[in-house]
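To keep things clear, I will list the structure first and then write my remarks on it.
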2 protein chains.
Amino acid sequence: MESRIERLCVEKGLKMTGQRRTIARVLSEATDHPDVEELYRRAAALDARISIATVYRAVRLLEEKGILERRDFGGGRARYEPTEHGRHDHLIDIDTGRVVEFTDDAHVAALQAIARQLGFDLVSHRLELFGRRRRPATERRAVADEARTAPRGPAR
Amino acid sequence: MESRIERLCVEKGLKMTGQRRTIARVLSEATDHPDVEELYRRAAALDARISIATVYRAVRLLEEKGILERRDFGGGRARYEPTEHGRHDHLIDIDTGRVVEFTDDAHVAALQAIARQLGFDLVSHRLELFGRRRRPATERRAVADEARTAPRGPAR
DNA sequence: TTAGGTGCAAAGGATTTGCGGAATT
DNA sequence: AATTCCGCAAATCCTTTGCACCTAA
């Protein structure tokens with residue numbers, strides 16, 4: 001069967017080789033935000049005759065075509081996700097690196113106002129929250145006690 | 001005279017060499033967000049016997065000491081600015097690359113609420129706006145007309 | 001004196017690219 | 001058949017590091 005990303009590739013007039021089909025499938029099935037290395041691993045598991053250079057070329061091409069979006073969550077490597085129509089931002093768990101998506105419709109208007117105030121039209125924005133998982137109530141009390149003694153500064 | 005950053009270095013117990021003093025001065029005088037290459041250029045102009053490796057080592061050290069903050073505005077290279085107490089975010093002019101700072105105190109509470117709702121405590125965040133300079137009123141009308149005909153999508 | 005800094009050049013990690021051969025349209 | 005793509009290895013770009021030599025404290 002034809003994956004969603006593959007369909008988009010065809011619409012854009014891209015030549016569909018076996019490798020590209022595999023990469024498209026991996027991307028279509030991904031629910032996370034894999035980096036190139038990870039995409040390569042997943043693609044190679046389905047078809048061993050794929051090189052990482054091809055993966056790099058594919059994500060670059062798909063980004064140019066607007067099918068993929070490149071993200072940078074720190075850590076030096078780019079991460080990718082399929083372009084969606086519903087805009088969303090990301091919260092990164094600083095302990096595990098896990099990424100949670102959320103929508104912030106309520107804020108876009110506020111951001112536009114800020115930009116306008118500075119003399120700009122808002123074209124796009126990047127909002128990332130870095131957080132730490134909250135513990136259950138009992139444990140949370142202990143954490144609060146600890147914090148009162150030695151408050152931790154903002155991390156990064 | 002002793003620059004502001006140099007004073008902070010001394011407070012942190014760093015050994016003040018000639019190179020480091022020069023870099024501290026360049027940083028103290030910067031009002032923008034230079035990358036390492038640019039810092040190197042400015043420092044070398046004051047003291048030719050500085051190597052770029054030293055600049056890399058200095059910014060890394062100063063970041064660890066909390067004197068500098070590393071920024072990533074895309075483009076592959078890190079950019080630096082002195083740590084300030086008033087928290088601020090950035091608006092990047094997509095046409096010129098110029099960076100404008102603004103404060104967003106009003107939003108922090110809202111961001112905390114979002115994080116909590118997702119089960120996290122907010123540790124820090126990154127907010128960047130990408131915008132385009134607004135034109136004067138007469139010209140703006142023309143732009144609006146144009147937009148009504150062919151609305152432009154969110155850029156990147 | 002000595003712990004820490006510096007320059008240089010080599011090493012690293014992520015990403016791109018030149019090239020001859022291969023697969024798609 | 002023409003165009004586009006692929007694998008491989010070499011090349012690039014930004015950043016870090018090993019080593020032998022300085023220098024602030």
Side-chain angles (χ1 to χ4, degrees), chain A residues 2 5-27 33-41 43-44 46-65 67-80 97, chain B residues 2-3 5-27 33-41 43-44 46-65 67-80:
Chain A
E2 201 181 40
I5 302 284
E6 182 178 345
R7 209 155 27 240
L8 293 170
C9 288
V10 172
E11 282 174 23
K12 293 289 185 180
L14 300 181
K15 201 174 277 191
M16 290 313 293
T17 64
Q19 293 84 323
R20 206 167 269 179
R21 216 182 303 274
T22 300
I23 294 169
R25 179 172 150 202
V26 166
L27 286 168
H33 307 71
D35 57 30
V36 169
E37 198 90 38
E38 176 62 26
L39 287 173
Y40 171 59
R41 230 172 281 130
L46 299 178
D47 176 357
R49 63 191 179 129
I50 284 183
S51 90
I52 197 166
T54 297
V55 180
Y56 270 107
R57 280 193 269 239
V59 293
R60 193 172 205 245
L61 184 63
L62 297 202
E63 193 201 353
E64 283 165 7
K65 295 295 184 183
I67 298 174
L68 277 190
E69 281 177 14
R70 190 206 312 250
R71 302 281 175 216
D72 162 37
F73 297 145
R77 41 233 288 170
R79 300 173 62 171
Y80 292 87
Chain B
E2 201 181 39
S3 68
I5 301 283
E6 181 178 346
R7 206 152 33 237
L8 293 171
C9 289
V10 173
E11 282 173 23
K12 293 289 184 181
L14 300 181
K15 198 176 280 187
M16 290 313 293
T17 64
Q19 293 83 324
R20 207 167 267 178
R21 216 182 303 278
T22 301
I23 295 169
R25 179 171 151 203
V26 166
L27 287 168
H33 306 72
D35 58 32
V36 169
E37 198 90 39
E38 178 61 26
L39 287 173
Y40 172 60
R41 231 173 280 130
L46 300 178
D47 174 357
R49 56 178 188 138
I50 283 183
S51 89
I52 196 166
T54 296
V55 180
Y56 270 107
R57 281 192 269 238
V59 292
R60 193 172 205 243
L61 184 64
L62 298 201
E63 194 202 352
E64 284 165 6
K65 295 295 185 183
I67 298 174
L68 278 190
E69 280 177 13
R70 189 208 310 252
R71 301 281 175 216
D72 161 39
F73 297 146
R77 43 232 286 169
R79 300 171 63 171
Y80 292 86

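Source: prediction; values computed, not measured. Lettering follows sequence order; numbering is per chain, from 1.
- Comparing B:G76 and B:G18 by the nucleotide of DNA chain D whose heavy atom lies nearest to each, the residue mapping closer to the 5' end is B:G76.
- With distances taken from any side-chain atom of A:L61 to the nucleotides D:dC5, C:dG5, C:dA14, the minimum falls on D:dC5.
- Partner A:E63 forms a salt bridge (charged side-chain N to carboxylate O under 4.0 Å, His left out) with one of A:R71, A:R57, A:R70 and no other, that one being A:R70.
- In this structure, the CZ atom of B:R21 is 11 Å from the P atom of C:dT6, given to the nearest Å.
- Look at B:Y56 and you won't find any side-chain N or O under 4.0 angstrom from OP1 or OP2 of D:dT16.
- Phosphate contact (OP1/OP2 of D:dT16, side-chain N/O of B:R60, threshold under 4.0 Å): present.
- When the P atom of D:dC22 is taken as reference, atom CZ of B:R49 falls 13 Å away, rounded to whole Å.
- Set against C:dT15, C:dC8, D:dC14, the side chain of B:R77 has D:dC14 as its closest nucleotide.
- With A:Y40 as the partner, the side chain to side chain contact (heavy atoms under 4.5 Å, CB included) test is satisfied by one option alone out of A:D35, A:I52, A:V26: A:I52.
- The phosphate of C:dT6 has OP1 or OP2 within less than 4.0 Å of a side-chain N or O from B:T17.
- The base of C:dA23 lies outside donor-acceptor range of the side chain of A:K15, with no N or O pair under 3.5 Å.
- With DNA chain C read from its 5' end, the first of the two nearest nucleotides for A:V36 and A:M16 is the one closest to A:V36.
- For the pair A:Q19 CD and C:dG21 C1', the interatomic distance rounds to 13 Å; values are reported in whole Å.
- In this structure, A:D35 atom CG and C:dG13 atom P are separated by 15 Å, rounded to whole Å.
- One interatomic measurement links the two molecules: CD of B:E64 to P of C:dG5, which rounds to 11 Å at whole-angstrom precision.
- Not one side-chain nitrogen or oxygen of B:R20 sits closer than 4.0 Å to the OP1 or OP2 atom of D:dA24.
- Regarding B:L39, its CG atom lies at a distance of 14 Å from the P atom of D:dC14, rounded to whole Å.
- The side-chain heavy atoms of B:R77 and B:V36, taken from C-beta on, include no pair separated by under 4.5 Å.
- B:D47 places its CG atom 12 Å from the C1' atom of C:dT6, with the value rounded to the nearest Å.
- Counting only heavy atoms from C-beta outward, the side chains of B:L62 and B:L14 approach each other to under 4.5 Å.
- One atom, CD1 of A:I52, and another, P of D:dA11, lie 19 Å apart when rounded to the nearest Å.
- Side chains of A:R21 and A:R25 form no contact here, defined as non-hydrogen atoms less than 4.5 Å apart.
- Contact annotation for A:R57: base contact, defined as any heavy-atom pair under 4.0 Å involving a base atom.
- Counting any heavy atom pair closer than 4.0 Å across all strands shown, B:I50 reaches sugar-phosphate atoms only and no base atom.
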